[in-house]
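Residues: numbered from 1 along the sequence shown. In listed order, ligands and their atoms are each counted from 1.
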Amino acid sequence: MSLQIYINGEFFDKDNAKISVFDHGLLYGDGVFEGLRCYNGKVFRLEQHIDRLWDSAKSLAIEIPMTKTEMIQATQKAVLLNNVNEGYIRIVVTRGIGDLGLDPYVCGPPQVIIIAAQLALYPKELYETGLDIVTAGTMRMPPAALNPRVKSLNYLNSIMAKIEALRAGCEEALMLNHKGEVSECTGDNIFIIKNGVLMTPPIDAGILEGVTRNVVLELAAQLGIPAKETAFTRHDVFVADECFLTGSAAELIPVVSIDKRTIGNGKPGPITKQLLDAFHEVVKR
Ligand code: PMP
C-alpha cells in the first residue's frame, strides 16, 4: 500500500494527495506546521506539539477547523494506517484556497494535512563523530518582524542560512539574532556546556521553543546538571567545552567545531553523552 496522506478528514494515496495551487500556503507560505517523532508506534510529546501548532495558528489568526483532540486522533490514525513504527510526522495547516492577492479573509477553510513517513536521519556515525557547523551571515528574524516562535510555512529565513551551511560543506548553520547573540540553528536549538553548566538561549533570543529543547532541560534537572537559559555570543560557543543541537528529527546531535574552531577536545563530550543516553531512555529505544 502506498503512503496514505491525511487531507481534511480523508486519506489519499501519495499520488492523489493534492492541494490547490491557489492555496495561500503555497502562494505566500501562509500556514503553520509541526514536525513530530514516533517511537515504537507512539508519537513523542504529541500534546506539546499540538499546543505549539495551535499557538502558531493563533498568532497568524488561522482558525484550525478541528479540535485538538480530533487532531491528536487524526495524527494517531495516520501513524497506524501507514504502519509507522519509528518515523517522522508532518502536520501542516494552510490558510486555505484564496485568490492571487494577499488577503487571508478571502481564503477558504484552512487545509489540514498529515504525513506520517519513515525518517531520513543524519547518518548514525555523525552522532559519534559530531557535526561541524558554521555561523550564517543570515540573521535570525527579529521577533518583532515575524516571531521565530511561530512555526510558519515560511521557512526562508532558515533556508537562506541552510544554503550557507551546505555551501560551506556543513549540515547546519548557527544563526545570530538582531542583537548579535546566538539564537538557534536552521532547524535545531543549540546548547553549550562550560565548566559543567548547560546553557541554551532564552526564548526571547528569537527562537522556536523546541519540544526537544524542553525535554533536555527537564533531563538536566533530573540528572542534577546545572542548566540555565541565558543569552550568549558566538565567542561563548568558540570557547565552550561541549556543544550539541536538539530537534525532533535530529534528537541530540553533538557539535565538535564551529567556524573551523574545535569545540572542547573535538569529540562529543561527557555531559552531551549523558544527556543523549537519558534521552534515548525517555523515548524508550
Ligand atoms: N528551531 C527550529 C528553527 C526548528 O525548525 C526546529 C524544529 N525542526 C527546532 C528548533 C527544534 O524544535 P523541536 O525540538 O520541537 O523539533
Does the side chain of T233 come under 3.5 Å of the side chain of D236 through a donor N or O and an acceptor N or O? yes
Filter the ligand 1-protein atom pairs down to N or O on both sides and distance under 3.5 Å, then list them.
| residue | atom | partner | partner atom | Å |
| --- | --- | --- | --- | --- |
| ligand 1 | 1 (N) | E184 | OE1 | 2.6 |
| ligand 1 | 5 (O) | K151 | NZ | 3.2 |
| ligand 1 | 5 (O) | Y155 | OH | 2.4 |
| ligand 1 | 8 (N) | G187 | O | 2.9 |
| ligand 1 | 14 (O) | V211 | N | 3.3 |
| ligand 1 | 14 (O) | T212 | N | 2.9 |
| ligand 1 | 14 (O) | T212 | OG1 | 2.6 |
| ligand 1 | 15 (O) | R52 | NH1 | 2.8 |
| ligand 1 | 15 (O) | R52 | NH2 | 3.0 |
| ligand 1 | 15 (O) | V211 | N | 2.7 |
| ligand 1 | 16 (O) | S248 | N | 2.8 |
| ligand 1 | 16 (O) | S248 | OG | 2.6 |

Step through the shown structure and confirm whether more than 12 heavy atoms of other residues, nucleotides or ligands are within 6.0 Å of CD on E63. no
Does a side-chain N-to-carboxylate-O contact under 4.0 Å join K151 and E34? no
With sequence neighbours left out, write down each residue that passes ring pair (Phe, Tyr, Trp, His ring centres under 6.0 Å) with F11, or none if nothing qualifies. Y6
Quick one: are R37 and T212 in side-chain contact, heavy atoms under 4.5 Å? no
Are L146 and N157 close enough that some pair of their side-chain heavy atoms sits under 4.5 Å apart? no
